[in-house]
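Note sheet for the following structure.
The structure presented is a predicted model; accordingly, all values stated were derived computationally and were not measured. First listed ligand is number 1; within each ligand, the first listed atom is number 1.
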Amino acid sequence: MGSFHKDKTAVPSERQVTLELYNRRIALEGFWKEEIASMYIFSDYRGKIPAWLQGTLLRNGPGMHTVGETSYNHWFDGLALLHSFTIRDGEVYYRSKYLRSDTYTANIEANRIVVSEFGTMAYPDPCKNIFSKAFSYLSHTIPDFTDNCLINIMRCGEDFYATTETNYIRKINPQTLETLEKVDYRKYVAVNLATSHPHYDAAGNVLNIGTSIVDKGKTKYVIFKIPATVPGGRKEGRSPLKDAEVFCSIAARSLLSPSYYHSFGVTENYVVFLEQPFKLDILKMATAYIRGVSWASCLAFHGEDKTHIHIIDRRTRKPVLAKYHTDPMVVFHHVNAYEEDGCLLFDVIAYEDGSLYQLFYLANLNEDFKENSRLTSMPTLKRFVLPLHVDKNAEVGSNLINLSFTTARALKEKDGQVYCQPELLYEGLELPRINYAHNGKPYRYVFAAGVQWSPIPTKIIKYDILTKSSLKWGEEHCWPAEPLFVPTPGAKDEDDGIILSAIVSTDPQKSPFLLVLDARTFTELARASVDVEMHLDIHGLFIPDAGWDLGKQAPSREAPARAAAGRAAPQT
Ligand SMILES: CC1=C(/C=C/C(C)=C/C=C/C(C)=C/C=O)C(C)(C)CCC1
Ligand SMILES: [Fe+2]
């Protein structure tokens, strides 16, 4: 790996510039070992942040990829770095802090990577002799996964958690970004893996899905619910997970190769779950430690298999009788789903294979980035439409969809199964977000990051499903994070609000900034620049001030003054 130029005046070669800046701005290499954390930054402003926009944008993503002499292999392995942008009275305060997971602590104490992540298998103790080595291997047959929760932030009532895809989540303090309790999902629901993309109903109850691997001889996908509140109020310190309940479980088609999934969809009455041919090989996972290979190597795309579409009725908590399937594909992000005229529509970002995760190996990102990180399958917004009632008398081969606004089809097959052919809506977008008030309901707009040849976003896109037109924001050297929609208070129109996105720049002269766009027109309303090394993040959420106890949550009024005195004022 190339050396890193901390001195901005050094003049590296052009090729180095691309790579070095990549490292500097995004910290994919993770040289940034020391704590960035706990700081308020006084910002430079352009434009005006709407007065009503008061709250905190909380983000999560990988931050540290090197510990001592050891480095992770994959971008998704990086130790979680939490970010917050608190917007108050037109000013923005930035803060970041590493999640103090058990993984973080163990690594820092050992001064090397000792906990395995998605793309890196690690060994806790340098085993002294063959016997202890064998013992150590055996005790890892059933792996204890990492609590390096780097993907998203989940809200459970008043509590916030950093999340990943293992059985662990970490409670965090959204104001100070301090790490609190470690929660093991397995204590409450039998899941070894769970998504970092839960859904929320209007009352804030959480719905999520996880995989229970070979438990009592069965492998299942388990949909579970975590109530936001409980009758009589939640007792201080009592985990909301204590009140979690299994909503429904779906038997995996294969005991030893359940599908991998990253999100799911919901409508008012149904849950949409894709059992896709991108599968985990459990036997490979059980022997990964002894073979010295990563979890990622136990994940494979099976192009010869179908994608099975499971629809669960939320009223009966049971899968509907009809069996739906489509061509092999890989979906990480569901966009939205809703019901209309007896049909269930769902929109996803689909790939033709599982190559996306390959592109995030740091070796691919650091050397010959342009060559090695080229997307071979474009992320495409696809709309699927399923008939909720399959007419027994319909002819085999007939299209069961009769909606004027979509070309998506559902063909009846010989055995009564339904083969779904999606409508291709838009090519080259990822990290989709919507106005969440429309989640599960008819909607029109998708806000997403625009990607071209590489999986790194270069644009922010607003796609209008009705008119099939799009608006874009982009600027030279700028890499936008997932765009988040925040509605204007009292908004009636779906796009009445703003888009927030943290932008990192590959130009060393240009500081990262928080961008505020008018969600309707996509014109820039404001930007607040922060002179700090900021990392590209993955997902997050916005916490409006109204939902907070303002007295307790407001950042110190001294903060701007303190920060103004220097570039960054570390918190004491
Ligand atoms: C550690 C670990 C896993 C981690 C997966 C991760 C960390 C995925 C990140 C995905 C992202 C960031 C997708 C963005 O679209 C698995 C495979 C669940 C299986 C077992 C252990
Ligand atoms: Fe995601």
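Rounding to 10 degrees gives 100° for the angle at the Fe ion (ligand 2) between NE2 of His262 and NE2 of His197. To the nearest 10 degrees, the angle centred on the Fe ion (ligand 2) between NE2 in His539 and NE2 in His333 reads 110°.
A cation-pi arrangement, defined by a distance under 6.0 Å to the six-membered ring centre and an angle within 45 degrees of its axis, is present between Lys182 and Tyr168. Because its NZ or CZ atom is both nearer than 6.0 Å to the ring centre of Tyr445 and within 45° of the ring axis, Lys462 counts as a cation-pi partner of that residue.
No more than 12 heavy-atom neighbours from other residues, nucleotides or ligands sit within 6.0 angstrom of CD on Glu352.
By the 4.0 Å N-to-carboxylate-O rule, Lys382 lies too far from Asp347 to be salt-bridged with it.
In this structure, Glu178 and Lys97 have side chains that are in contact, with non-hydrogen atoms separated by less than 4.5 Å. Side-chain contact between Leu514 and Leu57: present, with at least one pair of heavy atoms (C-beta onward) separated by less than 4.5 Å.
For the pair Asp281 (side chain) and Cys298 (backbone), a donor-acceptor distance under 3.5 Å is absent.
Pocket lining of ligand 1, defined as residues with a non-hydrogen atom under 4.0 Å away: Phe76, Phe118, Phe145, Thr146, Ile151, Thr164, Glu165, Thr166, Leu193, Tyr260, His262, Met285, Trp295, His333, Tyr357, Ile538.
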